[in-house]
Engineer: 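Have a look at the structure that comes next, please.
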Amino acid sequence: MKAYIEKISDYKDKEVEISGWLYNKRSSGKIHFLEIRDGTGFIQVVVVKGQVDEGIFELCDKISQESSVVIIGKVREEPRAPGGYELDLKSIQVIGQAEVYPLQKKEHGIDFLLSNRHLWLRSKTPWAIIRIRDEVIRSIIDFFHSKDFIKLDAPIFTPSACEGTTTLFEVPYFDQKVYLSQSGQLYGEAGCMAFNKIYTFGPTFRAEASKTRRHLTEFWQIEPEVAYAKLDDIMELAEQFVTYIVQRVLANRQKELKMLERDVTILEKIKVPFYRISYSEAIEMVKKQSVSGGEVPILQWGDDFGAPQETYIASQFDKPVFVHRYPTKCKAFYMKPDPENTEVVLCTDLLASEGYGEIIGGSQREENIQALEKKIEKEGLPKEAHEWYLDLRRYGSVPHSGFGLGLERLVTWICGLHHIRETIPFPRTIDRVSP
RNA sequence: UCCCCGAUAGCUCAAUCGGCAGAGCGGCUGGCUGUUAACCAGUAGGUUGUAGGUUCGAGUCCUACUCGGGGAGCCA
């Protein structure tokens with residue numbers, strides 16, 4: 001009976017056929033331990049001399065790492081085996097004998113691993129991370145559909161910049177130039193006026209010359225946009241959203257979190273409501289720690305937070321924290337100023353706990369056409385390119401709000417990783433575009 | 001874009017003051033009946049990133065370049 005390793009406990013004491021690859025081999029003269037992976041999991045196969053054909057025993061000694069094999073064996077519960085189950089081998093067929101495999105069971109440098117990303121994906125750590133990423137993606141889709149959001153696919157080729165042109169990738173497009181999308185938001189705003197509640201989910205591109213553990217040039221963004229929603233409404237939506245995803249990963253990907261040695265007690269605390277502080281309160285927090293001898297440099301009201309301040313603020317909370325109402329001059333043209341204080345805009349950043357930093361940025365959008373036109377002019381953005389966007393204010397404008405979540409930053413935090421590049425199958429960074 | 005660091009065997013790294021280029025892993029050969037990145041013995045494996053310079057002598061010092069890593073700013 002054909003089986004997958006992921007479901008092997010369903011086949012206790014039964015004979016199964018597994019199609020996979022030889023992950024590792026340990027041998028002890030008259031007994032071989034083959035660690036087999038089939039993409040769904042890993043399992044140890046035992047081959048004892050005298051209990052199988054002499055030919056099979058000899059063959060097992062010669063199979064190289066990562067050779068593809070189809071094996072038949074009996075499933076047995078075994079406390080000594082990693083995973084709790086092992087297979088007593090009946091027969092084995094080598095489909096493709098592998099050449100000497102470049103990746104070893106010992107430590108490698110990051111340059112070598114990234115150059116061999118197509119093979120590295122087979123190893124346990126990347127395998128666990130990408131499976132958690134998949135669970136996050138499924139959760140995103142399930143969450144929004146359970147709340148009757150429509151998935152709206154924003155274009156990748158865009159004629160204009162959303163927030164300036166310096167970070168855009170320019171590509172030739174017949175006789176003109178277009179840019180790779182760095183956000184689906186403006187299209188999302190059009191979508192929410194047509195469908196009320198929408199979300200976009202797709203790859204976005206930023207040509208930022210950033211060389212940090214938090215940046216990719218190609219990353220996936222989720223951007224819900226809701227008609228008639230105010231800032232408080234989308235903060236509620238955002239905390240429900242993040243909570244739902246984290247709890248789903250905890251429910252369905254325990255094994256993978258354990259492989260990554262993630263402290264799940266921290267994740268178990270991630271439940272609504274999250275903390276909410278204003279930008280002004282955050283500035284005060286930073287000042288206060290400095291007065292009492294802290295090392296984080298203080299900022300004046302009006303400065304944007306740097307990495308040390310953001311890390312400090314997030315580290316003061318055991319759950320993610322919303323920082324809302326930033327100074328108007330720090331933020332994008334489409335954000336609506338707070339009617340109670342026009343020095344600040346109705347925006348919010350969600351900072352993940354443990355110093356992982358910003359995972360969400362959102363705002364209530366400016367719905368007034370005169371105010372928006374003024375902002376576009378002030379920031380020197382091309383008016384013609386934004387005409388269709390201004391139409392959204394001409395024809396039945398309403399308050400509306402949305403946010404953007406970076407998938408890879410979320411996965412980095414959930415997995416407790418050091419670097420964002422491990423959360424995407426084939427990372428694109430400033431100086432690496434292959435494999 | 002700016003600052004810092006690195007490049008030696010297939011991989012991870014040593015090499016004292018400028019003085020014979022070395023180990024572990026992986027490969028190959030042999031041994032081992034419960035291994036967990038198995039272990040033990042033997043063995044092959046090198047244009048020290050590239051170009052130039054200093055020196056009796058350069059992996060080591062100097063200059064430039066290439067590639068990579070870490071961080072800042074900016075951002076998700």
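A note on names: the letters A, B, ... follow the listed sequences, proteins ahead of strands, and every chain is numbered from 1.
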Engineer: For the P atoms, the ones on C13(B) and on A9(B), what distance do you get once it is rounded to whole angstrom?
Structural biologist: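 That atom pair is separated by 11 Å.
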Engineer: When rounded to the nearest Å, what value does the distance between C1' atoms of A15(B) and U8(B) take?
Structural biologist: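 Roughly 9 Å separates the two C1' atoms.
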Engineer: Across the strands shown, which category fits Asp304(A) at heavy-atom distances under 4.0 angstrom: base, sugar-phosphate, nothing?
Structural biologist: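 Sugar-phosphate contact only - Asp304(A) comes under 4.0 Å of backbone atoms but never of a base.
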Engineer: Is the NZ or CZ atom of Lys378(A) both under 6.0 Å from the centre of the six-membered ring of Phe333(A) and within 45° of that ring's axis?
Structural biologist: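 Relative to the ring axis of Phe333(A), which defines the angle, Lys378(A) lies outside at least one limit.
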Engineer: Taking the P atom of each, how far is C75(B) from A7(B), in whole Å?
Structural biologist: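 Pairwise P distance, C75(B) against A7(B), rounds to 35 Å.
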Engineer: When all nucleic acid strands are considered with a 4.0 Å heavy-atom cut-off, which category describes Ile359(A): base, sugar-phosphate, or nothing?
Structural biologist: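 Answer is sugar-phosphate: Ile359(A) comes under 4.0 Å of backbone atoms only.
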Engineer: Given atom NZ of Lys211(A) and atom P of G68(B), what is their separation to the nearest angstrom?
Structural biologist: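 Going from Lys211(A) (NZ) to G68(B) (P), I get 8 Å.
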Engineer: When the P atoms of U48(B) and A64(B) are compared, how many Å lie between them, rounded to an integer?
Structural biologist: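 Looking at atom P only, A64(B) and U48(B) are 23 Å apart.
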Engineer: Could you tell me how the ring of Phe241(A) sits relative to the ring of Phe144(A): parallel (under 30°), tilted (30 to 60°) or perpendicular (over 60°)?
Structural biologist: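 If you compare the ring of Phe241(A) with that of Phe144(A), the planes turn out tilted.
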Engineer: Any donor-acceptor pair under 3.5 Å joining the side chain of Glu86(A) to the base of G34(B)?
Structural biologist: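 Donor-acceptor pair under 3.5 Å: yes.
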Engineer: Taking atom P in both G46(B) and U66(B), what distance in whole Å separates the two?
Structural biologist: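 Looking at atom P only, G46(B) and U66(B) are 30 Å apart.
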Engineer: Have a look at Gly357(A) and say if it touches a base, only the backbone sugar-phosphate, or nothing, with a 4.0 Å heavy-atom cut-off.
Structural biologist: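 Result for Gly357(A) = nothing.
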Engineer: Does any N or O donor sit under 3.5 Å from an N or O acceptor when you compare the side chain of Arg214(A) with the base of C74(B)?
Structural biologist: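 Check fails, no donor-acceptor contact within cut-off.
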Engineer: Would you indicate what Ile360(A) reaches in the nucleic acid, counting non-hydrogen atoms under 4.0 angstrom: base, sugar-phosphate, or nothing?
Structural biologist: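 Sugar-phosphate contact only - Ile360(A) comes under 4.0 Å of backbone atoms but never of a base.
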Engineer: Say we look at C65(B) and A21(B): how far apart would their P atoms be, to the nearest angstrom?
Structural biologist: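 The same atom, P, in both gives a distance of 31 Å.
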Engineer: Can you tell me, in whole Å, how much space there is between the C1' of C39(B) and that of G34(B)?
Structural biologist: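 Each nucleotide's C1' atom is 13 Å from the other's.
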Engineer: Using the C1' atom in both, what is the distance from G70(B) to U63(B), to the nearest Å?
Structural biologist: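 Between the two C1' atoms, the distance is 25 Å.
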